[in-house]
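Below is one structure, written out as structure tokens; comments come after it.
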Amino acid sequence: MSKRPFDIDEALRRIEAAVADVPKAALFQLYDEGFRSPFEQLAACMISIRTRDETTVVCARALFALARTPAAMAALDVVDIDTAIAGSTFHQPKAAQIRAIAEELVARHGGELPCDFDTLTAFRGVGPKCANLVLGIACGQPAVGVDIHVHRVTNRWGYVEANSPERTMAALEARLPRRYWVDINRLLVPFGKHVCTGTRPRCSACPVLDMCRQAGVTDHR
Ligand code: SF4
């Protein structure tokens, strides 16, 4: 099939329609439920690392039932945080890291998580992905949150050519219109889970097949 040039506006419009009825990515789901502060979004993102969205949402709700602010979190025993997020992968170190961040926010930042990339990534357990998701979702700043789905899908499109999520983030910052910097994660996480899956993507049912280069795809449905 001859391909049309990749049109990001058209592609994201079609994908928006394609994922309308599937569950949202965890952080966006939690945001819709009212867990909108930078600290809540950061804690949820840490819980989400190597953990399925469905589990992340359950764990985050359980944790926020105990504490929603750095001061309240710092007052908890780490074992209580660990119990709340016990369904997530690496829950013990995550519990310790969440509590340590809460303590530091109380001690050094007036009990608030600053909307600042360098401050966020200086915390143990917080990488560029979570920092940018917090900045984009909770702080309203343009920031590209690149997880494995965003990395895989945008490279298959041929929209970027990068061999790590960090390099994809830099490539998207250079090419993707700023109005999509937050939405790209909101749209491509469910799209990557349900259509452009890690193995055997569903290309035959894909709404952007006519413009996707299918780079690196050797087997598909
Ligand atoms: S055509 Fe295939 S590889 Fe390209 S985005 Fe769709 S599912 Fe993914």
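First listed ligand is number 1; within each ligand, the first listed atom is number 1. Bear in mind the structure is a predicted one, so any value in this text is a computation, not a measurement.
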> SG of C130 to SG of C45, below 2.5 Å?
Replying inline: yes
> W157 heavy atoms, cut-off 4.0 Å: which ligand 1 atoms fall inside?
Replying inline: 5 (S)
>> Within the structure, is a non-hydrogen atom of V217 found at a distance of less than 4.0 Å from ligand 1?
In response: yes
> Has H220 got any heavy atom lying under 4.0 angstrom from an atom of ligand 1?
Replying inline: no
>> According to salt bridge (charged side-chain N to carboxylate O under 4.0 Å, His left out), who are the partners of E54, at least two apart in sequence or on a separate chain?
In response: R52, K193
In the protein, which heavy atom is nearest to [atom], and how far is it?
{"atom": "atom 2 (Fe) of ligand 1", "result": "C203 SG, 2.3 Å"}
{"atom": "atom 6 (Fe) of ligand 1", "result": "C206 SG, 2.3 Å"}
{"atom": "atom 8 (Fe) of ligand 1", "result": "C196 SG, 2.4 Å"}

> Any donor and acceptor pair, going by atom type alone, linking the side chain of K94 with main-chain N or O of I49 inside 3.5 Å?
Replying inline: yes
> Which option out of L209, D210, T197 puts a heavy atom nearest to atom 1 (S) of ligand 1?
Replying inline: L209
> Taking side chain as C-beta onward, heavy atoms only, is H220 less than 4.5 Å from R156?
Replying inline: no
>> Let me check your reading of the structure: within less than 2.8 Å of atom 6 (Fe) of ligand 1, is there an N/O/S atom from C212?
In response: no
> Does NZ or CZ of R175 lie under 6.0 Å from the centre of the six-membered ring of Y159, at an angle within 45° of the ring axis?
Replying inline: yes
> side chain to side chain contact (heavy atoms under 4.5 Å, CB included) between F39 and T69: does it pass, once the steps are laid out?
Replying inline: CA-CA 7 Å; F39 179 68; T69 64; 5.6 Å; no
